[in-house]
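Down below is the structure, laid out as structure tokens.
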Amino acid sequence: MRALKEGLKFHANAIKSGFTPTIFAANQLIHLYSKQGFVREACKLFDEMPERNVYTWNAIINVHIKCQNFTAAQFLFDSAPCKDSVTYNSLISGYANSDGHENMALKLFVQMQYESESVKVDEFTLTTLLNLVAKLRALCYGRQLHSYMVKTNNDSSGFAVTSLIDMYSKSGCYNDVWSVFNGSGDRGVTDVVVKNAILAACCREGELELAQEIFSTQLELNDNVSWNTMISGYVQNGRVEESIQLFRCMAEEGFNWDNHTFATVLSACSTLKNLKLGKKIHVRVLKEGMLASPFIASGIVDVYCKCGNMGYAESVHKTVGTRNSFSITSMIVGYSTSGSMREARRLFDSLAEKNIVVWTAMFSGYVKSQQYKNVFHLFREFQNKEKTVADALIVVSLLCACATQASIDLAIKLFEEMKQTGLQPDAVTFVAILSACRHCGLVEEGEMYFSSMMEDYAITPETDHYACMLDLYGRSNQLKKAVAFFEKMPIEPDTIILGTFMNACKMNRNLELARMAENKLLEIEGNNGERYVQLANVYASEGKWDEMRRVMKRMRGKAVKKVTGRSWVNVGNSVHVFKSGDRSHSEAEAIYFTLGCLIQELCGVLAFDDLI
DNA sequence: GTAGGGTTAG
């Protein structure tokens, strides 16, 4: 601030006394203005300069990059009469670090290589590019850059090693991470940034114990980033309680918690629904004036949302987060989880760009509040606005709504609409559509889609498609068609197909064919206990007890282990899994008591025989 | 004498 005041005083004096500052002084002033965000003042000074040099151009280009005005930055870049490596590196880095301009960074990098002798690709260019390819997950370019760095002797500085480790780690090449690290001499024990990069790489790979070991050697080298990396590593790997222990340890060891620490620990509080610690951090963050950080603000909102405290969440969100897309996302998820769909919708509509998390939250929220019509409306909106295909979670919501509305033929109408919008269905789309057909017994439609898949879209049917068709025939009591289809199949039937075929036989009461399928199935998968149980059920359903005993005996003879059948039930946000006679659940006593009451109720309605 | 690069957070 003092420097700014002095700069302004100097500038004012210069104007008053009519003397023109030297190029050097004017360049300094531009930087000063830029640092303070005084864009207009910087531009005015630049415009008034009678003479400029390459530093002047670099300074003014950076002013615009800093405020993300790439139109102005690019215009000045193109008009600059002199450029050096810094001119290029600045704009390349600006583009590389802003979402949506990454291609421009690559284009400039290519252009840079055709420039004059004064503009050379240097270590700054290369490390920036490594960051970019890590971001774009473009590993092949990363490898090319690495080999260029080796050839030009640009691969050994701390910066180079860090960027290479980071690029390989983010690209999932853990072995390459280690070959770079091992080839870097003793940098890992002398350069804390290299050490932090390798710690982050281990955490990404799930090698927490190794990270801890590296962290603990050369303790004196560790800095705040090392601690933050480890705390975050524990959170990323689901060891959230330990991350909080480490967070406490960090302060005990004399390190200051910073905004990164708080952001990470807030996410740990969200996971653990630890409202007490979340509130403590909220107070601390308020005291330290950190609430302006979008990461911290959204982190606090998220804790209150996850803990179901929507009132607090709303008040923090209104104060600091209304333009923060992460905060809005947390609020939408929070409202939709608690079934407040009107509030969720209000925030959803306020988002200009909607990510997959908010779409999914809205879908599941509508399902949870049993607003099925809204599920379908939302899906139409999704199709109109988004170019991507619905992901699995959205499809589950849709199927749920369809099943409840008993209108599965609708999941087909949507498919027709999808085709009209020009989206290309793939093999998975056809599994979904054939599944829809089999659930509502649409044989002709199923056959039509099956042949259309091969003829119009050149998709070769796979196991799932064949199984869908067999099941479709089976459920529609068209066993003859199932048999003909089964015999014509160009692939060797596997256990899924044989199992489906066998079920079709069961549904159509043809035990002879079921036994044929049985023999084939057990030939392939004689050690799978589930298959024997499936077979036994086929015979039991027909009252063929001898046959059933025969199959069970066959299984025992093989000494295979029967997999216990399990049921699961979704209550609130958790799934509870039970097996027969299971008493391991923490609420087992209450559950069995309730079950006893239900059975008593039922006994009044049903004959005792029906219950055994 | 000015500028530009790396690690950690939602």
Side-chain angles (χ1 to χ4, degrees), chain A residues 22-32 34-35 53-63 65-66 83-94 96-97 119 121-132 134 154 157-167 169-170 187 191-201 203-204 211 215 222-233 235-236 243 247 250 255 257-271 290 293-303 305 321 324-330 355 357:
Chain A
T22 59
I23 300 184
F24 173 76
N27 290 347
Q28 293 274 48
L29 269 173
I30 293 178
H31 282 300
L32 201 58
S34 168
K35 243 187 191 170
N53 62 15
V54 69
Y55 292 101
T56 324
W57 286 95
N58 291 344
I60 196 68
I61 289 169
N62 272 303
V63 168
I65 292 172
K66 206 184 155 207
K83 295 186 187 83
D84 64 5
S85 301
V86 179
T87 329
Y88 270 90
N89 290 338
S90 304
L91 196 52
I92 289 177
S93 154
N97 293 316
V119 180
V121 170
D122 61 13
E123 202 190 84
F124 292 96
T125 329
L126 292 164
T127 47
T128 308
L129 260 289
L130 280 179
N131 264 334
L132 180 61
N154 269 316
S157 79
F159 286 111
V161 171
T162 309
S163 304
L164 282 167
I165 289 176
D166 194 50
M167 184 276 292
S169 162
K170 285 178 180 161
R187 284 206 184 275
D191 185 330
V192 68
V193 187
V194 172
K195 179 175 178 177
N196 293 339
I198 202 82
L199 284 179
C203 292
R204 249 178 232 122
F215 178 79
N222 291 341
D223 63 3
N224 263 36
V225 178
S226 325
W227 282 90
N228 289 340
T229 307
M230 290 306 297
I231 294 171
S232 156
V235 178
Q236 282 164 31
S243 81
F247 162 72
M250 179 177 176
F255 288 87
W257 293 324
D258 60 17
N259 52 345
H260 292 282
T261 328
F262 288 127
T264 310
V265 177
L266 282 169
S267 81
C269 292
S270 291
T271 310
M290 283 179 178
S293 151
F295 299 112
I296 301 278
S298 62
I300 289 175
V301 170
D302 195 51
V303 171
C305 287
N324 180 326
S325 68
F326 292 102
S327 175
I328 301 176
T329 301
S330 297
N355 60 33
V357 177

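Just so we're on the same page: letters track the sequence lines, and every chain starts at 1. Note that these values count all heavy atoms, side chains included, but never hydrogens, waters or copies made by symmetry.
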From B:dA9, B:dG6, B:dT8, pick the nucleotide closest to the side chain of A:N228?
B:dT8
Within the structure, does a side-chain N or O atom of A:R187 lie under 4.0 Å from either OP1 or OP2 of B:dT7?
no
Please check: side-chain N/O of A:D191 versus main-chain N/O of A:R187, any donor-acceptor pairing under 3.5 Å?
no
When you measure from the side-chain N and O atoms of A:T128 to the phosphate of B:dG5, is any distance below 4.0 Å, counting only OP1 and OP2?
no
In terms of side-chain heavy atoms of A:S157, which of B:dG1, B:dA9, B:dG5 is nearest?
B:dG5
Remember a base hit wins even if backbone is also touched, and classify A:N154 as base, sugar-phosphate or nothing at under 4.0 Å, heavy atoms.
nothing
Could you state the OH-C1' distance from A:Y88 to B:dG4, rounded to the nearest angstrom?
15 Å
Within less than 4.0 Å of OP1 or OP2 of B:dT2, is there a side-chain N or O belonging to A:N58?
no
Ranking B:dT7, B:dA9, B:dG10 by distance to the side chain of A:H260, first place goes to B:dA9
Check every strand shown and say whether A:N27 touches a base, only sugar-phosphate, or nothing at a heavy-atom separation below 4.0 Å.
base
Atom-pair distance (CG on A:L91; P on B:dG5), nearest Å:
12 Å
Stacked pair A:F295-B:dA9, distance under 5.5 Å, angle under 30°
no
Under 3.5 Å donor-acceptor, A:D166 side chain and A:T162 backbone:
no
For the side chain of A:N62, starting at C-beta, report the closest nucleotide among B:dG10, B:dG4, B:dT2.
B:dG4
Tell me: CG of A:L199 to P of B:dG6, nearest whole Å?
19 Å
From C-beta outward on A:N53, which listed nucleotide comes closest to its side chain: B:dA9, B:dT2, B:dT7?
B:dT2
Here the distance between atom P of B:dG10 and atom CD1 of A:I300, to the nearest Å, is 14 Å
Tell me whether A:N224 contacts the main-chain N or O of A:W227 through its side chain, where contact means a donor paired with an acceptor under 3.5 Å.
no
Send over the distance from A:D191 CG to B:dG5 C1', rounded to a whole Å.
14 Å
Within less than 4.0 Å of OP1 or OP2 of B:dT8, is there a side-chain N or O belonging to A:Q236?
no
Output the rounded distance in Å from CD1 (A:I30) to P (B:dT2).
16 Å
Nearest to the side chain of A:F24, heavy atoms from C-beta on, is which of B:dG5, B:dT8, B:dG1?
B:dG1
Could you tell me whether the phosphate oxygens of B:dT7, OP1 or OP2, come under 4.0 Å of any side-chain nitrogen or oxygen in A:N131?
yes
Examine distances only and state if a side-chain atom of A:D302 and a backbone atom of A:S330 form a donor-acceptor pair shorter than 3.5 Å.
no
Gap between atoms CE and P, on A:M167 and B:dG5 respectively (whole Å):
20 Å
Using a 3.5 Å distance criterion without hydrogens, assess whether the side chain of A:K66 forms a donor-acceptor pair with backbone atoms of A:K35.
yes
Gap between atoms CZ and P, on A:F255 and B:dA9 respectively (whole Å):
18 Å
Proximal nucleotide (of B:dT7, B:dG10, B:dG5) relative to the A:N324 side chain:
B:dG10
Tell me if a side-chain donor or acceptor on A:K195 pairs with a main-chain N or O of A:N222 at a distance below 3.5 Å.
no
